[in-house]
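What follows is a single structure, written as structure tokens, with notes after it.
Computed from heavy atoms alone, side chains included, the values below leave out hydrogens, waters and symmetry copies. Because the structure is a prediction, the values reported are computed rather than measured.
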Amino acid sequence: MPKVLIVAHGQPGDPGPQQQAVETLAASVAALLPGHQVRGATLAMPGALDVADNDTLIYPMFMAEGWFTRSELPRRLGLSGAPNARILPPFGNDPGLPTLCRDLIEQATAAQGWPMETTHILLAAHGSGRSRAPFEAVQKMAQDLLPLRVTCGFIEEPPYLADAAANLPAQSICLPLFATRAEHVTDDLPEALAQAGFRGITLPPVGMAAKVPAMIAETIRAAL
């Protein structure tokens, strides 16, 4: 039976809720992959990676390649007895993600009665002060969404989200490019948008979209 482990960052101060969230995601993916064993783990939950071995396929629930996916995740897998486990590109680099984001925007504009071509899209993301990879991943997404009108804003690097969201028209949609609903989504994002006086609508983080399990299942099926 093929074995798959979906790995998210988690929340070190309170690892339980995010561990439960990735386990729920894994169960949804498993339902679409009969005959596969699909589990979920976070780096924050002690011992969660111990279910992996060298035959386990790892799907990182991260938005970009970076230190966690290239260094910390392989190191932690090695400590858990799976140094040769195959690690797929992260969620943010999944080939199905641009189509999923466009579908979410199309659904949101239709619900509002807004034409897509006149709606402004705000891509809200984490960013990083140490690596260019998160910034470049969001810029690539913006290119993939052309010819839509797209602005990018970040929590941890310029252009900061509060600045990027300032003066956007009311016919705007904020799409949070986050894999999970953690503190950046629940606290930092709404605070920045409130500071900017953002008048548009804000969607749930892309990692919580209903079509995500099917997208991940398709990627895993192709990889196996």
Side-chain angles (χ1 to χ4, degrees), residues 2-33 36-52 56-69 72-73 76-77 80 82 85 87-94 96-97 100-101 103-104 107-108 123-128 134 137-138 141 155-156 161 174-193 202-221 223:
K3 294 177 287 186
V4 179
L5 185 64
I6 301 174
V7 181
H9 184 278
Q11 196 160 314
D14 185 17
Q18 290 301 316
Q19 176 67 29
Q20 180 59 55
V22 75
E23 289 178 1
T24 298
L25 172 61
S28 297
V29 173
L32 301 171
L33 293 172
H36 295 63
Q37 181 189 79
V38 184
R39 296 178 174 176
T42 67
L43 296 179
M45 177 60 75
L49 292 181
D50 291 348
V51 299
T56 303
L57 184 68
I58 308 298
Y59 186 98
M61 199 64 185
F62 290 75
M63 287 307 303
E65 295 278 10
W67 180 77
F68 277 107
T69 59
E72 182 63 2
L73 179 55
R76 294 283 298 277
L77 287 169
S80 296
I87 303 176
L88 292 178
F91 172 75
N93 289 0
D94 193 294
L97 190 60
L100 174 61
C101 288
D103 287 347
L104 292 173
Q107 294 167 14
L123 296 180
H126 185 282
S128 171
V138 177
M141 178 60 73
I155 299 293
E156 292 199 353
L161 185 55
C174 175
L175 176 59
L177 295 181
F178 289 86
T180 59
R181 192 191 298 275
E183 287 182 352
H184 286 307
V185 172
T186 59
D187 299 341
D188 298 331
L189 176 65
E191 180 179 333
L193 294 181
T202 302
L203 303 183
V206 65
M208 306 299 294
K211 293 183 179 180
V212 163
M215 186 188 80
I216 294 176
E218 178 60 29
T219 298
I220 291 170
R221 191 179 293 112

Min side-chain heavy-atom separation H126-P134 under 4.5 Å: no
Any L77 side-chain heavy atom under 4.5 Å of S80 side chain: no
Interatomic distance, I6 atom CD1 to I58 atom CD1 [nearest 0.5 angstrom]: 10.0 Å
Within-4.5 Å side-chain heavy-atom neighbours: V212 and L25: yes
Spacing of D94 atom CG and M63 atom CE [to the nearest 0.5 Å]: 10.0 Å
Minimum heavy-atom distance A124-L161, with the two atoms named: CB-CD1, 3.8 Å
side-chain contact (heavy atoms from CB on, under 4.5 Å) evaluation trace for I87 with Y59: CA-CA 6 Å; I87 303 176; Y59 186 98; over 6 Å; no
R39 side, atom CZ; K3 side, atom NZ - distance, nearest 0.5 Å: 8.5 Å
Polar side chain donor-acceptor pair, Q19 to T42, under 3.5 angstrom: yes
Interatomic spacing from CG in L33 to CD1 in I220 - rounded to 0.5 Å: 5.5 Å
Closest heavy-atom pair and its distance - A64, A137: CB-CB, 4.0 Å
side-chain contact (heavy atoms from CB on, under 4.5 Å) assessment of C101 paired with L175: CA-CA 8 Å; C101 288; L175 176 59; 3.9 Å; yes
Non-hydrogen side-chain atoms of P90 and E65 separated by less than 4.5 Å: yes
CZ-CE distance between F178 and M208, expressed to the nearest 0.5 angstrom: 13.5 Å
Non-hydrogen atoms of T202 and L193 that approach each other most closely: OG1-CD1, 3.4 Å
Which atom of C174 lies closest to which atom of P176, heavy atoms considered: O-CD, 3.4 Å
Spacing of NE2 belonging to H9 relative to CD belonging to E72, to within rounding of 0.5 Å: 8.5 Å
Side-chain touch L49/L5, heavy atoms, less than 4.5 angstrom: yes
For P15 against A44, the heavy-atom pair lying closest together: CB-O, 3.8 Å
Chi angles and distances behind the side-chain contact (heavy atoms from CB on, under 4.5 Å) call for V185, T180: CA-CA 8 Å; V185 172; T180 59; over 6 Å; no
Ring geometry between F62 and F68 (parallel below 30°, tilted from 30 to 60°, perpendicular above 60°): parallel
Verdict with supporting geometry, V7 and M61, side-chain contact (heavy atoms from CB on, under 4.5 Å): CA-CA 6 Å; V7 181; M61 199 64 185; over 6 Å; no
Shortest non-hydrogen separation from Q107 to K211 and the atoms involved: NE2-NZ, 4.0 Å
